[in-house]
Q: 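Quick one: the structure is below, and I'll ask about it shortly.
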Amino acid sequence: MSSSDSDDVPLSRRKQSKPISSDDDSDVPLGKRRKTNGASKLIKEESDSDYGSRRTLSKASSARSTSSLSDANDSSSDSSGSDVPLAKRGATTNGRAKKPTSYKDESSDDSSSEDEVPLAKKKSAAPKKKPASKPAPAKKTNGKVKKESSPPPTKRKTTASSSKKRIKEEEDDSSANRKRIKKEEEEDEKEQEHQWWLDMENQDDSVKWTTLHHNGVMFAPDYVPLPSNIKMKYDGKPISLAPEVEEIAGFFGSMLETDHARNPVFQKNFFNDFRKVARQYKTQPEIKEFAKCDFTSMFEYFQEQREKKKAMTKEDKAKIKAEKEALKEKYGFATLDGRKEKVGNFMVEPPGLFRGRGEHPKTGCLKLRVLPEMVTLNLSKDAPIPPPPAGHKWAGIEHDNTKSWLATWKENINGSTKYVFLGADSSLKGISDMKKFELARELKGKVKEIRARYTAELKDKVMFTRQRATAVWLIDHLALRAGNEKGQEEADTVGCCSLRYEHVTLEKPNILHLDFLGKDSIRFQKSVEVDDQVFKNIKLFKKEPAAVGDDLFDRLKTSDLNKYLQEQMPGLTAKVFRTYNASITFQEQLALLTPKDGTMAEKLLAYNRANREVAILCNHQRTVSKNHSVQMEKIVDKIRALKYQRHKIKQTMLTLEPKLAKKRPELAEPESDLEDEWIEKHEEDLIEKDKEKARQKFAKDNEKRQSEKEKPLPASDLKDILKSLDAKLKDLVKERKTGKVINADKFTIERCDNNLLKIDERIATQRAAMVDKDENKSTALSTSKMNYIDPRITIAWCDKYEVPFEKIYTKTLRDKFKWAAVVDGSWEF
DNA sequence: GTCGGAACTTAGCAGGTTCTCG
DNA sequence: CGAGAACCTGCTAAGTTCCGAC
């Protein structure tokens, strides 16, 4: 860790580059929300049963909000409460760190960490090394890549550390290694791909391309009727269906065991559409009642097919894969301004049943097959028009270079437009991604002013202005979405501007309880301490309409809000606050949580925690896996087992040296969370497991002997072992009663102490894993990682702490974020 | 200004693949 | 070395924002 010489204290780092944006302190007022404080990190969880109780307490998603409330209560002042979750963490600090010993000294031994990276992944790390052949200039300037300022001349930085790495690698010239490097370089050459991010000055927003070529889209395969013995039943009898009808029945049949298929609205919508089609084809007998339909044989058939697919031979699987590859080769790429770029989703959406989320009124409706006649293509005039499937025509051809879509069609359920775009790793997506983050960074510079203005306006005489200010306050502090109006035919979800009376409640001094369904019908349930004036305002807004169903901000629309924001900064809209707050929170948390001289695992843990803060801020949730509680229970049991071991060790020590009880009272203390009943059962289990093991070993040994034509072991061998285990169990029972360990003299105090240490460590590890797991059960980190956190923060951090970013970003994300790889450890959001 | 539609970003889920642990 | 957890990717639904027609 001697290499840490270059590392400054994370926090101080921020100050250093101040001059660039003079008021970059502007985020301080909010900063309080993120203060987190290292203190919470140190809290040790005492009881492991704690999990159990919390779980019962927190049934819904209330765990978070509960803690948020209590946080808010005892934190002295205006912390805005979004710091909610921070208190909970603790215990985890270094638990996990122990596991992967291989990272231990990443600075001196990169070959080991490098080797962990599969070849394919290396590619993106390679370019880093290349420029090292040039004299590495002091490029540490500060990697600000401002729109106007011209970007650094070289592709990638060379930090001291990475050149060190390189040298080391070159010394090691095993041929395999050389070959590998060569391969990397070849791929690199191939990838001399126009690094648009080095040339962002003269970007004209409106024009997306000069030439655009592609092969059109792929259509869903034609329907293949089921074998004739597979039929849905109606009213108890198998019924023959025209393929067109059967297909729809199959859509439902294949998802029989899902929540969708159990949802009455889904059933109703499906059945309506199904019946309509069945009637067209004059199905006999006429299908009239959903309750009389029986799809089980279809369902079973699909299940079977699934099994078969899984059990396919390697060759068959490879074949299928190759076929897929071929199609991808054809449709999966477009040529934009002469450069090959990936297409995102080149396959038009296949027919099926619409899986609307939440209480979507149209969920279950039949999504029709898209035909070429419905699809319009967009490409340049010089591009050959891809031939539509035989016997078909395209709906139209456009040559609009202000649009980035390659194909579009209208979907029949909601009448919305669907598109085929380029992939996330394409230049077009990359450019807009980078612009998004640059805009958020621009907000960083102006946010102080903006906050000052809306804070003042919280007291404005004009109700509209007041509503607007309050809304912006919420958006800024709670990372709410704008909240457009929604139609009757959609799920009832809201964002900031569409919040209604019933979504907010107020509690005495200044606590705001929010509870509503947001995007994707994900519940937003938080309780936060708010600005006094915000509290007053909401009270006021609630008084006026005073009825469930009324808008909280009855005079405010998202367009008003965005217009207001635009006035203060061009391009500023509500969603920019989400990006800004997510990224800045991440950067701050990361600086706070990263242990300077930690192990790789500790650093990664810090990263994930910072990531989790952001996910919580943005309310990114996922459904708790069905067996989460089972898994938790397992860990609790594991810990108990460890505690039992600890208990036995202590008992041994006291048996060896009873006097120790006075000198070291902790040895005599009973383990928490270990009840006699449990111990009894556990001991029985242990012995039973040993017996089972013995039996298996015996059987295996004999098998081996037989194959080697030796005499089998006598059955009495096994019996003896089993008997001795029975005896051991009896001993344990005795020990339980007397508190004395029978064979204690096989140990020494020293050995016991050693073992104690090890057990303690393992318990700590397990506890940490448990906390981590529980905190993560319903939080999805991926969305914020992919959409909200400026990748340059990550890259800079990786550089600074010598973490290979393969450990953080998957291949897909690395490709998506390749534009960000120009920064070094000094870069700041 | 209001409305609806187009275009693009953000989102969770399902299912496949890889990793990990017993 | 096999089961189950974790992770990853693809899919497509559900948002936001902008813009143009009335």
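Below, read A as the first sequence line, B as the second, and so on, with proteins coming before strands; counting in each chain starts at 1.
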Q: Is the closest basic N to carboxylate O distance between A/Asp637 and A/Lys634 below 4.0 Å?
A: no
Q: May I have the distance from A/Lys418 (atom NZ) to B/dC8 (atom P), rounded to whole angstrom?
A: 16 Å
Q: Please tabulate, one pair per line, all N/O donor-acceptor pairs under 3.5 Å involving side-chain atoms of residues 300-307 of chain A, not counting sequence neighbours.
A:
none

Q: Taking N or O atoms only and anything under 3.5 Å, show me the protein contacts with nucleotides 11-13 of chain B, one pair per line.
A:
{"residue": "B/dA11", "atom": "OP1", "partner": "A/Arg481", "partner atom": "NE", "Å": "3.4"}
{"residue": "B/dA11", "atom": "OP1", "partner": "A/Arg481", "partner atom": "NH2", "Å": "2.7"}
{"residue": "B/dA11", "atom": "OP1", "partner": "A/Arg578", "partner atom": "NH2", "Å": "2.6"}
{"residue": "B/dA11", "atom": "OP1", "partner": "A/Tyr788", "partner atom": "OH", "Å": "2.9"}
{"residue": "B/dA11", "atom": "OP2", "partner": "A/His620", "partner atom": "NE2", "Å": "3.0"}
{"residue": "B/dA11", "atom": "OP2", "partner": "A/Tyr788", "partner atom": "OH", "Å": "3.0"}
{"residue": "B/dA11", "atom": "O4'", "partner": "A/Lys519", "partner atom": "NZ", "Å": "3.4"}
{"residue": "B/dG12", "atom": "OP1", "partner": "A/Gln621", "partner atom": "N", "Å": "3.1"}
{"residue": "B/dG12", "atom": "OP1", "partner": "A/Gln621", "partner atom": "O", "Å": "3.4"}
{"residue": "B/dG12", "atom": "OP2", "partner": "A/Thr783", "partner atom": "OG1", "Å": "2.9"}
{"residue": "B/dC13", "atom": "OP2", "partner": "A/Thr623", "partner atom": "N", "Å": "3.4"}

Q: Can you check the A/Lys816 NZ to B/dT9 P distance for me, whole Å?
A: 8 Å
Q: Contact class for A/Asn562 (heavy atom, under 4.0 Å): base, sugar-phosphate, or nothing?
A: sugar-phosphate
Q: Going by number, which of residues 487-495 of chain A have a non-hydrogen atom under 4.0 Å from DNA chain B?
A: none
Q: Would one find a side-chain N or O of A/Thr810 under 4.0 angstrom from OP1 or OP2 of C/dC8?
A: no
Q: Could you label the plane-to-plane angle of the A/Phe817 and A/Trp819 rings as parallel, tilted or perpendicular, counting under 30° as parallel and over 60° as perpendicular?
A: perpendicular
Q: Rounding to an integer number of Å, can you tell me how far A/Leu480 CG sits from C/dT16 P?
A: 11 Å
Q: So, do A/His620 and A/Tyr788 have ring centers that fall under 6.0 Å from each other?
A: yes
Q: Looking at B/dT9, C/dC18, C/dA14, which one has an atom nearest to any side-chain atom of A/Lys436?
A: B/dT9
Q: So, is A/Lys429 near the phosphate of B/dT9, with a side-chain N or O under 4.0 Å from OP1 or OP2?
A: yes
Q: Is it true that a side-chain atom of A/His628 and a backbone atom of A/Thr623 form a donor plus acceptor pair closer than 3.5 Å?
A: no
Q: Which residue lies toward the 5' end of DNA chain C, A/Tyr809 or A/Leu572, if each is placed at its nearest nucleotide?
A: A/Tyr809
Q: Got a salt bridge between A/Lys811 and A/Glu806, using NZ or NE/NH1/NH2 to carboxylate O under 4.0 Å?
A: no
Q: Give a yes or no on whether the ring-centroid distance for A/His360 and A/Phe354 is below 6.0 angstrom.
A: yes
Q: For DNA chain B, whose closest nucleotide is more 5', that of A/Lys310 or that of A/Ser432?
A: A/Ser432
Q: Does a side-chain N-to-carboxylate-O contact under 4.0 Å join A/Asp520 and A/Arg357?
A: yes
Q: Please work out if A/Lys638 contacts a base, only the sugar-phosphate, or nothing of the nucleic acid, heavy-atom cut-off 4.0 Å.
A: sugar-phosphate
Q: Does a side-chain N or O of A/Asn345 approach OP1 or OP2 of C/dC11 to a distance below 4.0 Å, or not?
A: no
Q: When all nucleic acid strands are considered with a 4.0 Å heavy-atom cut-off, which category describes A/Gln566: base, sugar-phosphate, or nothing?
A: sugar-phosphate
Q: State which residues pass side-chain hydrogen bond (donor to acceptor under 3.5 Å, both in side chains) with A/Lys403; sequence neighbours excluded, sorted by chain then number.
A: A/Asp400
Q: Could you run down the sub-3.5 Å N/O contacts of the protein with nucleotides 5-7 of chain B?
A:
{"residue": "B/dA6", "atom": "OP2", "partner": "A/Lys410", "partner atom": "NZ", "Å": "3.3"}
{"residue": "B/dA6", "atom": "OP2", "partner": "A/Thr417", "partner atom": "OG1", "Å": "3.1"}
{"residue": "B/dA7", "atom": "OP1", "partner": "A/Trp405", "partner atom": "NE1", "Å": "3.3"}
{"residue": "B/dA7", "atom": "OP2", "partner": "A/Trp405", "partner atom": "NE1", "Å": "3.4"}
{"residue": "B/dA7", "atom": "OP2", "partner": "A/Tyr419", "partner atom": "OH", "Å": "3.0"}
{"residue": "B/dA7", "atom": "O5'", "partner": "A/Tyr419", "partner atom": "OH", "Å": "3.4"}

Q: With a 4.0 Å cutoff (strictly under), does any side-chain N or O of A/Lys575 reach OP1 or OP2 of C/dT17?
A: no
Q: Take the angle between the ring planes of A/Tyr644 and A/His682 and call it parallel below 30°, perpendicular above 60°, tilted in between.
A: perpendicular
Q: If you compare every side-chain N and O of A/His360 against the phosphate oxygens of C/dA14 (OP1, OP2), does one of them come in below 4.0 Å?
A: yes
Q: Is the gap between the ring centers of A/Phe586 and A/Tyr607 under 6.0 Å?
A: yes
Q: Between A/Lys486 and C/dG15, is there a side-chain N or O to OP1/OP2 distance below 4.0 Å?
A: yes
Q: 5'-most contact on DNA chain C: A/Leu813 or A/Gly356, nearest heavy atom basis?
A: A/Leu813
Q: Rounded to the nearest angstrom, tell me the gap between atom CD in A/Glu485 and atom P in C/dT17.
A: 14 Å
Q: Output the rounded distance in Å from CG (A/Leu517) to C1' (C/dA14).
A: 14 Å
Q: Answer yes if the side chains of A/Tyr809 and A/Thr794 hold a donor-acceptor pair under 3.5 Å, and no otherwise.
A: yes
Q: So which protein nitrogen or oxygen atoms get under 3.5 Å of nucleotides 1-4 of chain B's nitrogens or oxygens?
A:
none

Q: Nearest-Å distance, CG (A/Leu439) to P (B/dT9)?
A: 13 Å
Q: Reckon A/Gly483 touches a base, only the sugar-phosphate, or nothing at all at heavy-atom distances under 4.0 Å?
A: sugar-phosphate
Q: Rounded to whole Å, how long is the line connecting atom CZ of A/Arg814 with atom P of C/dC7?
A: 16 Å
Q: Salt bridge check, A/Lys563 against A/Asp560: does any charged N sit closer than 4.0 Å to a carboxylate O?
A: no
Q: Could A/Arg578 and A/Asp476 be called an ion pair, given the rule that one side-chain N must be under 4.0 Å from one carboxylate O?
A: no
Q: Would you kindly give the OH-to-C1' distance between A/Tyr331 and C/dG10, to the nearest whole Å?
A: 19 Å
Q: Where the side chain of A/Asn611 meets the backbone of A/Ser784, is there a donor-acceptor pair that is under 3.5 Å apart?
A: no
Q: Between C/dC18, C/dA5, C/dA13, which nucleotide gets closest to the side-chain atoms of A/Asn627?
A: C/dA5
Q: Establish, with yes or no, whether the OP1 or OP2 oxygen of C/dA13 is under 4.0 angstrom from a side-chain nitrogen or oxygen of A/Lys367.
A: yes
Q: Check this for me, if you would: do A/Lys557 and A/Glu485 make a salt bridge, where the nitrogen-to-carboxylate-oxygen distance has to be below 4.0 angstrom?
A: no
